[in-house]
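The figures that follow rest on heavy atoms only: side chains count, while hydrogens, waters and symmetry mates do not. Here the structure is a predicted model, which is why all the values come from computation and not from measurement. We count ligands from 1, going down the list as the structure has it; atoms in each ligand are counted the same way.
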Amino acid sequence: MARLAGKVALITGAASNPGIGYATAHSFAREGAKVVATDIDRANLEHCQTSLMTVSDQILTWRQDVTSRQDWIETVERILNQWGRIDILVNNAGVVILKSIDELTEEDFERQMRINMTSVFLGTKQVISTMREHGGGAIVNLSSVAGLVGAPGVSAYSSSKAAVHLFTKNVAIECAKHNIRCNSVHPGSIHTNIQKTVFKDIPEQFELINSQIPLGHMGTPEDVAASILFLASDEAKYITGAELVVDGGLAAQ
Ligand SMILES: NC(=O)c1ccc[n+]([C@@H]2O[C@H](COP(=O)([O-])OP(=O)(O)OC[C@H]3O[C@@H](n4cnc5c(N)ncnc54)[C@H](O)[C@@H]3O)[C@@H](O)[C@H]2O)c1
């Protein structure tokens with residue numbers, strides 16, 4: 001039996017290929033979920049929709065800016081009108097602002113927090129009432145290894161991901177009585193468009209990253225999608241408030 005049969009899942013930031021949201025939307029569709037894939041990037045979202053339709057016909061995609069409360073309200077309304085429930089929310093959309101503390105402006109910091117953290121708060125607020133009405137649900141938040149340990153040049157990003165980490169635990173505790181589980185996934189270095197943007201495809205930079213990872217190489221979006229799938233599925237029905245690190249051993253050193 002498919003691992004998400006009958007579930008309705010919303011995945012944000014799903015347009016980027018290669019990307020974690022894109023891989024997650026495809027794995028959820030293969031596992032029988034009705035998938036709503038949203039993103040701010042309309043052009044890539046069209047490619048994502050075409051690709052998802054080759055896997056399943058239970059697919060909806062539309063543009064959603066996760067920093068907009070109105071977009072969250074409309075997104076949840078549209079899903080409820082179409083499928084009547086939301087069982088899974090994957091708060092995946094995110095960006096990284098790479099600057100030293102000296103270079104970082106107040107606007108940079110606030111933008112980083114709004115896209116990576118405030119969005120998770122807004123999304124959680126919008127879905128929990130409908131999850132509660134339907135007997136529960138699962139929320140998976142994308143944090144990062146950078147939300148667990150510090151590194152140069154990522155103070156704003158790290159702060160946003162550390163906030164997601166602890167917000168996840170608070171949601172888990174507050175919502176446990178409604179059978180809503182909430183967990184965070186902490187990728188290390190994963191070969192996606194975000195990494196390409198950060199390192200601009202400089203081969204030496206990739207070699208340096210690979211040499212620092214105990215398993216010897218960066219992860220794939222599918223490596224992370226597999227962990228998100230597990231936490232979203234009923235296989236993880238007794239897991240809430242947990243963090244799952246997917247980093248090839250990077251943070252274990
Ligand atoms: N790739 C990594 O190494 C890595 C490591 C740790 C954590 N993460 C986290 O995983 C998540 C996915 O990252 P990825 O590597 O797949 O990145 P990606 O850049 O490939 O995908 C991110 C997606 O988010 C979308 N997005 C950005 N701002 C948005 C907004 N305001 N509203 C809606 N969508 C928006 C982008 O358009 C893009 O499609 C992010 O939260 C990221 O911080 C990634």
- Note on the structure: The closest protein heavy-atom partner of atom 12 (C) of ligand 1 is Asn92 OD1, 3.1 Å
- side chain to side chain donor-acceptor pair (under 3.5 Å) partners of residues 119-134, not counting sequence neighbours, each pair once: none
Which atoms from ligand 1 have a heavy atom of [X] less than 4.0 Å away?
X      : result
Ser189 : 3 (O)
Ile20  : 10 (O), 16 (O), 44 (C)
Ser143 : 7 (C)
Leu142 : 10 (O), 41 (O)
Gln64  : 32 (N), 33 (C)
Gly19  : 16 (O), 20 (O)
Val95  : 27 (C), 28 (N)

- Item | Contact partition for Lys161 relative to ligand 1, non-hydrogen atoms under 4.0 Å | side chain
- Query: Short N/O distance, under 3.5 Å, between Tyr157 and ligand 1?
  - Reply: yes
- Message: Below the 3.5 angstrom mark, is there an N/O of Val66, backbone or side chain, next to an N/O of ligand 1?
- Response: yes
- Note on the structure: Closest heavy-atom approach to atom 6 (C) of ligand 1 among Gly13, Ala15, Ser144 is made by Ser144
- Item | 4.0 Å heavy-atom contact, Pro18 with ligand 1 | yes
- Where do Lys7 and Glu31 land on the salt bridge (charged side-chain N to carboxylate O under 4.0 Å, His left out) test, with the steps shown first? CA-CA 10 Å; Lys7 308 259 189 204; Glu31 291 298 338; over 6 Å; no
- Query: What pairs meet the ring-ring contact (aromatic ring centres under 6.0 Å, His included) rule with one or both residues in residues 156-181, with sequence neighbours excluded?
  - Reply: His165-His186
